[in-house]
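Structure record follows, encoded as structure tokens.
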Amino acid sequence: MRRDWAAAFDGTRLLVTRPDGAAWYDGPVAAAREWTRALRAHQALTLATGAFHTPFDFPAAQGRLSVLTVPARLVDTHTH
């Protein structure tokens with residue numbers, strides 16, 4: 001796990017930051033309740049990027065995928 005990266009999810013918006021604090025991704029994620037529960041339980045997020053559009057494309061993209069696991073947390077947007 002790369003602890004110099006971080007991810008925070010508020011139920012609709014995911015923010016993934018690089019080691020320098022800059023956003024690598026900041027935008028919406030349509031996540032099912034099970035995904036949110038898994039994030040809470042494991043406190044980690046595995047990111048995969050490369051030449052694919054769906055997980056079914058992974059075999060064809062073999063050797064051209066980048067995978068990174070980062071610490072992740074749920075944030076409550078209703079707290080002040």
Side-chain angles (χ1 to χ4, degrees):
M1 181 175 319
R2 290 287 307 264
R3 299 207 179 273
D4 51 344
W5 286 64
F9 182 62
D10 70 4
T12 58
R13 181 176 157 259
L14 176 67
L15 173 62
V16 179
T17 53
R18 296 179 172 114
D20 66 1
W24 179 79
Y25 179 81
D26 185 0
V29 172
R33 183 178 298 177
E34 293 79 13
W35 189 89
T36 304
R37 286 181 184 153
L39 180 67
R40 180 180 291 116
H42 299 286
Q43 298 179 352
L45 178 66
T46 298
L47 309 165
T49 130
F52 66 91
H53 296 284
T54 73
F56 299 109
D57 299 330
F58 280 12
Q62 206 168 19
R64 297 176 291 149
L65 293 173
S66 295
V67 179
L68 178 70
T69 300
V70 303
R73 62 189 174 89
L74 291 173
V75 294
D76 185 357
T77 58
H78 297 98
T79 58
H80 302 291

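Note that this is a predicted model, so its numbers are computed, not measured. Count residues from 1 along the sequence.
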Salt bridge (charged side-chain N to carboxylate O under 4.0 Å, His left out) partners for Asp26, two or more places apart
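Checked Asp26 against salt bridge (charged side-chain N to carboxylate O under 4.0 Å, His left out); matches are Arg13.
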Once salt bridge (charged side-chain N to carboxylate O under 4.0 Å, His left out) is applied, do any residues pair with Arg2, and if so which ones, sequence neighbours excluded?
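Salt bridge (charged side-chain N to carboxylate O under 4.0 Å, His left out) check on Arg2 returns Asp4.
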Measure the CG-CZ distance between Asp10 and Arg73 for me, rounded to the nearest 0.5 Å.
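Result: 10.5 Å between the selected atoms.
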How many angstroms lie between CE in Met1 and CG in Leu45, if you round to the nearest 0.5 Å?
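Going from CE on Met1 over to CG on Leu45, the span is 9.5 Å.
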Give a yes or no on whether [X] and [Y] share a hydrophobic cluster (residues Ile, Leu, Val, Met, Phe, Trp, Tyr; joining criterion: side-chain heavy atoms under 4.5 Å apart).
X	Y	result
Phe58	Leu47	no
Leu15	Val70	no
Trp24	Phe9	yes
Trp35	Leu68	yes

Minimum-distance pair of heavy atoms, taken over all atoms of [X] and [Y]:
X	Y	value
Ala51	Ala61	O-CB, 3.4 Å
Trp5	Pro19	NE1-CD, 3.3 Å
Leu65	Gly50	CD2-CA, 4.2 Å
Leu39	Ala44	CD1-O, 3.5 Å

